[in-house]
Amino acid sequence: SFYFAALYGFLLAWIYGFGHRIVSLFLGVGAPVRGTTEAAFAAQMSGVALALASWLPALPDIAALALRDLGLALVALSALIYLAGNGFLWRRSVLPMLRTPGAPTVAIRIAFGWLALWGVLELAGVILARTTSLPAQNLWWADAARHAFTIGFLTLLIVGMSFRILPVFSGKPLWSPRLAYATYGLLGLGAAMRLLQYPAAFHPVFYRIGAYMGIPVVLALCLYIFNLMRTMRAKSAPETARREPA
């Protein structure tokens, strides 16, 4: 319950607000469809409240599971409503934007693509568990979807926003755009490897492969930190110009 509240109560709500205020500006996609932001917030807050209520000890199991599934479905639906309204995945830039090396805006769009995938996976899990005999709400599949959220979405979004903001605010160009591309690719690879827990229900070799997802993710974070450190240690453009001989 605490993990659910932290991820989907705090972080997701914070990103909704941050994306509405900042990401739309950085991507240049303009204002969201009217009413979709409010609808996303309402579904997200209601879903978190229902999911937390499912942990009340006095509830019978059937009611607790119903509240859990309804809460998760509402939170997942809120993400899809939010993305449909903002159009982060398909809208072209209509506002003037400052070009930055390393394609951070592409990384941001891909991160929101992972959010869409997470929403679809969670909704599918609830629907399959309720309409079929398939145990879709098992720990392995829930873990795979959660890593799509934490690695594919959250971590990639943080990396993309960092490469978009920090070099611009410091007046220093990104040290290595190629390392940035490698960082995006490794994070995507790690999140995709975790999704192998879905077919692992039918063949265990996929679980063994997915267990190594930490290697590309940790390597990506090392490249990310190294790239930022080299960027921030570099001389800013005005300082370099002052030191050049006339």
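Panel note: side chain S46, backbone A43; no donor-acceptor pair is recorded below 3.5 Å. In this structure a side-chain-to-backbone donor-acceptor pair under 3.5 Å is present from Y184 to G102. N138 places a side-chain N or O within 3.5 Å of a backbone atom of W140 that can act as its donor or acceptor partner. W141 places a side-chain N or O within donor-acceptor distance of the main-chain N or O of Q197, the cut-off being under 3.5 Å. Judged purely by atom type and a 3.5 angstrom limit, Y16 uses its side chain to pair as donor or acceptor with the backbone of A79.
A side chain to side chain donor-acceptor pair (under 3.5 Å) check over residues 211-233, counting only residues at least two apart or in different chains, returns the pairs S162-Y224. Applying the side chain to side chain donor-acceptor pair (under 3.5 Å) test to pairs two or more places apart or on separate chains, those with a residue in residues 55-69 are D69-R130, D69-Q137.
Note that the CG atom of N86 and the CD1 atom of I81 stand 12.0 Å from one another [nearest 0.5 Å]. With rounding to the nearest 0.5 angstrom, the CZ atom of F112 is 10.5 Å from the CG atom of L156. Rounding to the nearest 0.5 Å places CG of D143 at 9.5 Å from OH of Y198. In this structure, L123 CG and L128 CG are separated by 10.5 Å, a value rounded to the nearest 0.5 Å. A distance of 5.0 Å separates OG1 of T183 from CZ of F163, quoted to the nearest 0.5 Å. Here the OH-CD distance, from Y82 to Q44, works out to 11.0 Å after rounding to the nearest 0.5 Å.
Looking at heavy atoms from C-beta onward, V217 lies out of side-chain contact with T155 at the 4.5 angstrom threshold. In this structure the side chain of I151 reaches within 4.5 angstrom of the side chain of M213, judged on heavy atoms. Using a 4.5 Å heavy-atom threshold, the side chains of F18 and M161 count as touching. Under the 4.5 Å side-chain criterion, counting only non-hydrogen atoms from C-beta, Y207 is not in contact with L196. Using a 4.5 Å heavy-atom cutoff, the side chains of P199 and H203 are not in contact. In this structure, W118 and V75 have side chains that are in contact, with non-hydrogen atoms separated by less than 4.5 Å. In this structure, the side chains of F153 and I15 come closer than 4.5 Å at one or more pairs of heavy atoms. The side-chain heavy atoms of R146 and Y8, taken from C-beta on, include a pair separated by under 4.5 Å.
In terms of hydrophobic clustering, with Ile, Leu, Val, Met, Phe, Trp and Tyr side chains grouped at heavy-atom distances under 4.5 Å, F2 and L12 are assigned to different clusters. No continuous path of ILVMFWY side-chain contacts below 4.5 Å connects L72 to V120, so the two sit in separate hydrophobic clusters. Note on L189 and V218: separate hydrophobic clusters, where clusters join Ile, Leu, Val, Met, Phe, Trp and Tyr whose side-chain heavy atoms are under 4.5 Å apart, directly or indirectly. Follow the hydrophobic side-chain contacts under 4.5 Å out from V106 and you reach L157 in the same cluster. Grouping the Ile, Leu, Val, Met, Phe, Trp and Tyr side chains by contacts below 4.5 angstrom, directly or via other members, places V126 apart from L65.
Scanning for side chain to side chain contact (heavy atoms under 4.5 Å, CB included) contacts around T131 gives I127, with sequence neighbours left out. With sequence neighbours left out, the salt bridge (charged side-chain N to carboxylate O under 4.0 Å, His left out) criterion links R91 to no other residue. For R109, there are no salt bridge (charged side-chain N to carboxylate O under 4.0 Å, His left out) partners two or more places apart in sequence or in a different chain.
Heavy-atom neighbours of M229 CE from other residues, nucleotides or ligands within 6.0 Å: at or below the threshold of 12.
Counting all heavy atoms, side chain and backbone alike, S78 lies closest to A40 at CB-O, 3.2 Å. Heavy atoms only, all atoms of each residue included: V48 and F4 are closest at CA-CE2, 4.0 Å. For M193 against P216, the heavy-atom pair with the smallest separation is SD-CG, 3.9 Å. Taking each heavy atom of A144 and L195 in turn, the nearest pair found is O-CD2, 3.8 Å. For the pair A182 and L223, the tightest heavy-atom approach, listed with the atom from each and the gap, is CB-CD1, 4.0 Å.
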Checklist line | L7 vs T150, side chain to side chain contact (heavy atoms under 4.5 Å, CB included): CA-CA, chis, key distance, verdict | finding: CA-CA 8 Å; L7 278 183; T150 56; 3.9 Å; yes
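Applying the under-4.5 Å side-chain rule to Ile, Leu, Val, Met, Phe, Trp and Tyr, the cluster around L50 extends to L56, L59, L67, L70, L74.
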